[in-house]
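Worksheet for the structure shown next.
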Amino acid sequence: SPDGAHLAYTRVISRSLESRELFLADADGTNAQPYAVLQHGAFVNWSPDSAHFLYQNDGQMYLGAPGQPPRRLGNAVSLFNPHWITPKQIIYLLDQGTSWVLVSQTVDGQVVSLVSLPKDITYDIR
């Protein structure tokens, strides 16, 4: 995590390598706790304040937080390139078929569509 206090890692739990368990632990690897079982999933990234994180599971994107249940954000197949712009807000591209919609979403679930964009767009957050 950005604050150096936590680790997030996955461990394979099936021979096919499709199932993994997402663990959260202290920075030194102690106190590891299972957080979620992932099917075709992966850890994505931590929020800047280390309070939340994003991960994919079975074609869905989730918001997680240590000690809290995960919350589904949307379909990971149509939700691309999530970036934290504040400790409590992400933006991402939402696939609309022939175009993208740039979306802002807060950790408390408030979603705002910002602008429709052509498919050949790229963006960067700095």
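Side chains are part of it too, since the values below use all heavy atoms of this structure and drop only hydrogens, waters and symmetry mates. Throughout, residue positions are numbered sequentially from 1 according to the sequence presented.
Here the side chains of V103 and L93 are not in contact, with every heavy-atom distance at 4.5 Å or above. The closest side-chain heavy-atom distance from W46 to H52 is not below 4.5 Å. F53 has its side chain within reach of P66: a pair of non-hydrogen atoms, C-beta onward, lies under 4.5 Å apart. Within the 4.5 Å cutoff, side-chain heavy atoms of V37 are placed close to those of I13.
For the atom pair CG of L102 and CG of L94, the computed distance is 10.0 Å after rounding to the nearest 0.5 Å. The distance from atom CD1 of I85 to atom OG of S104, rounded to the nearest 0.5 Å, is 5.0 Å. To the nearest 0.5 Å, atom CG of residue L54 and atom CG of residue L79 are 8.5 Å apart. Once rounded to the nearest 0.5 Å, the distance linking CD of Q105 with CD of Q89 reads 10.0 Å. Taking CG of L38 as the reference point, atom CG of L22 lies at 5.5 Å (rounded to 0.5 Å). The distance from the CG atom of N45 to the OH atom of Y55 is 13.5 Å, given to the nearest 0.5 Å.
Between Y9 and Y35, the ring center distance fails the sub-6.0 Å criterion.
Scanning both residues, V107 and P87, for their nearest heavy atoms gives CG1-O, 4.4 Å. In terms of heavy atoms, R71 sits closest to G109 at NH2-N, 3.3 Å. Across all non-hydrogen atoms, the minimal contact from A8 to F43 is CB-CE1, 3.4 Å. Summarising the geometry of M61 relative to P82, their closest heavy-atom pair is CE-CG, 4.1 Å, with the distance given to 0.1 Å. Contact between G97 and K119 at its shortest, heavy atoms only, is O-CE, 2.9 Å. A65 approaches A51 most closely through the heavy-atom pair CB-O, 3.4 Å.
If you check the side chains of Y62 and Q56, you find no donor sitting under 3.5 Å from an acceptor. With no hydrogens or angles considered, a side-chain donor-acceptor pair links S19 and Q39 at under 3.5 Å.
The aromatic rings of W100 and F80 sit perpendicular to each other, their planes meeting at more than 60°, with 30° as the lower class boundary.
Ion pairing between a basic and an acidic side chain is recognised when a charged N comes within 4.0 Å of a carboxylate O; K88 and D108 show no such pairing.
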Carefully, step by step, assess I90 and L73 under the rule side-chain contact (heavy atoms from CB on, under 4.5 Å). CA-CA 11 Å; I90 60 172; L73 295 180; 3.8 Å; yes
Mind running side-chain contact (heavy atoms from CB on, under 4.5 Å) on F23 and R11 for me, showing each step along the way? CA-CA 8 Å; F23 281 86; R11 181 181 67 164; 3.7 Å; yes
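For the pair S50 (side chain) and D3 (backbone), a donor-acceptor distance under 3.5 Å is present.
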